[in-house]
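Input: a single structure, listed below in structure tokens.
Quick note: numbers below take in every heavy atom, side chains included, and nothing from hydrogens, waters or symmetry partners.
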Amino acid sequence: MKPPHRALSAEGMFNYLRKRFASHITERSRRRTRLVSKDGRCNIEFGNVEQSRFVFLVDIWTTILDLRWRYKMTIFISAFLGSWFLFGLLWYVVAYIHKDLPEFNPSINHTPCVENINGLTSAFLFSLETQVTIGYGFRCVTEQCVTAIFLLIFQSILGVIINSFMCGAILAKISRSKNRAKTITFSKNAVISKRGGKLCLLIRVANLRKSLLIGSHIYGKLLKTTITPEGETIILDQVNIEFIVDAGNENLFFISPLTIYHIIDKNSPFFHTAAETILQQDFELVVFLDGTVEATSATCQVRTSYIPEEVLWGYRFAPIVSKTKEGKYRVDFQNFSKTVAVETPHCAFCLYNEKEAKAKEKKGYDNPGFVLSESSETSDTKM
């Protein structure tokens, strides 16, 4: 009797693994189709662009800034090495034309255009010393050749331009506000629960630096596929989601973590969503935080997104701010994304119907069709 049991257990294990594998593939495919990743990067590519790629050279500064570090450093090194080698060849040509090289056996009274250039290697070293203004004093230009003087001036000017552009690009890349955005973090999940007697979708956001973001503004976009009454399918249709902060949406005092919330009322796209159906929905909630960096006055934007699996119905965030014995306020980031289960209506529609029913019971209504009739009692007994 043991072989059948083993066969059943093996079959059950196979079915379990198959379901887990199918759910894993489904989850990966869903994550692969999200437009904005959790760290704010956009998952989109452009195809069949009619304009030539040379249009990006028109705005060369933005193109250089958007390059990744490995490409930027390759251009940085290539620009300097290329200019040094090019001018080294030109200095070698000047020495060759003026017959300053040792192979021409110049006389003792011969004055070269550039002192101590004996070949291509020495010409490259002189080009490097000239452009970076090292000035070892061993090789120098004489007043013998006007061509050499003009070449020296041209290389000096071009070297200053290359230095300014490349060093400026490196500095601008380091000081970009995108790096400041990495110190702004959102909670891993969004939660839905009651807040102030209303059903709300809540998200927690925190500033990891003590320096503030000036003029911060938080808003959201709901991305989903919709079909118009005319039958047109719109992919990534955007719906505005208004988020509220108790302290006000403008000029946030962003010194401690804030909990932003969206009220799920009749105007909300989540109004007809229920706890049982939210996982069956196909949407992506993208949350934006715009602000100005206090130290550099540069504007920055922080983005994140939430898919249905990351929206927890019937939970609220755990407390995160406490006060120490010394009188300081302490933020415990260990509880930043921690949630606690709470009693929550399973849909916003039911909550508002319940409120309306209770309001009608308290208020009461008059029936205009109701007529009060009086009847008089008569005796049918005859004497």
Side-chain angles (χ1 to χ4, degrees), residues 36-42 61-62 64-70 72-73 76 164-191 195 200-221 240-262 285-306 310 316-339:
V36 180
S37 62
K38 298 297 288 185
D39 57 358
R41 289 178 295 179
C42 296
W61 181 253
T62 305
I64 293 294
L65 290 182
D66 289 339
L67 289 176
R68 296 185 178 181
W69 275 107
R70 53 179 177 267
K72 185 184 293 292
M73 296 307 299
F76 183 85
S164 301
F165 185 85
M166 298 309 300
C167 294
I170 296 294
L171 181 61
K173 181 77 172 180
I174 295 175
S175 60
R176 292 188 76 177
S177 56
K178 291 176 63 176
N179 299 326
R180 177 65 175 91
K182 294 180 180 179
T183 56
I184 305 296
T185 181
F186 288 88
S187 57
K188 182 180 179 181
N189 297 302
V191 297
R195 188 183 182 95
C200 300
L201 183 144
L202 301 96
I203 297 173
R204 179 173 278 175
V205 59
N207 179 16
L208 301 182
R209 288 186 178 273
K210 292 185 178 180
S211 59
L212 302 179
L213 283 180
I214 303 172
S216 300
H217 177 60
I218 300 176
Y219 58 98
K221 299 287 184 180
N240 289 326
I241 300 294
E242 182 181 358
F243 282 98
I244 301 174
V245 183
D246 291 333
N249 292 350
E250 301 294 338
N251 300 323
L252 302 178
F253 187 48
F254 205 6
I255 193 64
S256 63
L258 298 176
T259 300
I260 61 176
Y261 59 94
H262 165 71
L285 176 61
V286 185
V287 184
F288 302 87
L289 171 62
D290 297 339
T292 303
V293 181
E294 186 180 26
T296 62
S297 298
T299 58
C300 71
Q301 183 183 85
V302 193
R303 299 180 295 268
T304 192
S305 68
Y306 299 92
E310 296 170 346
R316 64 172 176 84
F317 290 111
I320 190 175
V321 180
S322 60
K323 194 172 184 179
T324 63
K325 296 180 179 180
E326 294 79 12
K328 294 184 178 180
Y329 291 96
R330 183 176 182 271
V331 179
D332 186 8
F333 280 95
Q334 185 177 0
N335 296 334
F336 180 72
S337 295
K338 186 177 180 180
T339 57

Would you sort out whether Leu213 and Cys300 count as a side-chain contact (heavy atoms from CB on, under 4.5 Å), showing the intermediate values? CA-CA 9 Å; Leu213 283 180; Cys300 71; 4.0 Å; yes
For Ile203 and Leu285: C-alpha separation, side-chain torsions, deciding distance, then whether side-chain contact (heavy atoms from CB on, under 4.5 Å) applies. CA-CA 11 Å; Ile203 297 173; Leu285 176 61; 4.3 Å; yes
Check against side-chain contact (heavy atoms from CB on, under 4.5 Å), Ile174 and Trp69: CA-CA 10 Å; Ile174 295 175; Trp69 275 107; 3.7 Å; yes
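Residues Phe333 and Asn335 fail the side-chain proximity criterion, which asks for heavy atoms closer than 4.5 Å. Contact check for Phe336 versus Phe317: no side-chain heavy atoms found under the 4.5 Å cut-off. Proximity of Val302 to Phe288: side-chain heavy atoms (C-beta onward) are nowhere separated by under 4.5 Å. Looking at Arg195 and Leu202, their side chains come closer than 4.5 Å, going by heavy atoms from C-beta outward. Residues Asn240 and Tyr219 are not in side-chain contact: their nearest non-hydrogen atoms beyond the backbone lie 4.5 Å or more apart.
Nearest approach of Lys38 to Thr304, heavy atoms of both residues: O-OG1, 3.1 Å. Closest non-hydrogen pair, Cys167 versus Phe76, comes out as N-CE1, 4.5 Å. Scanning both residues, Lys173 and Leu65, for their nearest heavy atoms gives NZ-O, 3.0 Å. Nearest heavy-atom pair, Val191 versus Arg316, reported as atom, atom and distance to 0.1 Å: CG2-CA, 4.1 Å. Nearest approach of Ala190 to Leu201, heavy atoms of both residues: CB-CD2, 4.2 Å.
Asn189 and Glu310 are not linked by any side-chain donor-acceptor pair at a separation below 3.5 angstrom, with hydrogens and angles left out of the test.
For the side chain to side chain contact (heavy atoms under 4.5 Å, CB included) test, residues two or more places apart in sequence or in another chain that qualify with Glu294 are Ser211, Leu212, Ile214. For Lys188, the side chain to side chain contact (heavy atoms under 4.5 Å, CB included) partners at least two apart in sequence or on another chain are Ser337. For Arg68, the side chain to side chain contact (heavy atoms under 4.5 Å, CB included) criterion is met by Arg70, Tyr71, not counting sequence neighbours. Thr324 meets the side-chain hydrogen bond (donor to acceptor under 3.5 Å, both in side chains) test with Glu326; sequence neighbours excluded. Partners of Lys182 under the salt bridge (Lys or Arg N to Asp or Glu O under 4.0 Å) rule, at least two apart in sequence or in another chain, do not exist in this structure. Taking the side chain to side chain contact (heavy atoms under 4.5 Å, CB included) definition, one finds that Thr183 meets it with Arg180, Leu208, Arg209, sequence neighbours left out.
In this structure, CD on Glu242 lies 10.0 Å from OH on Tyr261, to the nearest 0.5 angstrom. Rounded to the nearest 0.5 angstrom, Ser187 OG and Ile260 CD1 are separated by 8.0 Å. If you take CG on Leu289 and OG1 on Thr185, they are separated by 11.5 Å, rounding to the nearest 0.5 Å. To the nearest 0.5 angstrom, Met73 atom CE is 8.0 Å from Met166 atom CE. For the atom pair CG (Asp290) and CZ (Arg303), the distance works out to 9.5 Å, reported to the nearest 0.5 Å. Between atom CG of residue Leu258 and atom CD1 of residue Ile218 there is a gap of 6.5 Å, rounded to the nearest 0.5 Å.
Under the 3.5 Å distance criterion, the side-chain polar atoms of Lys72 are matched with a main-chain donor or acceptor of Ile64. In this structure a side-chain-to-backbone donor-acceptor pair under 3.5 Å is present from Ser305 to Val36.
A perpendicular orientation is assigned to the rings of Phe165 and Trp61, their planes being inclined by more than 60° (bins at 30° and 60°).
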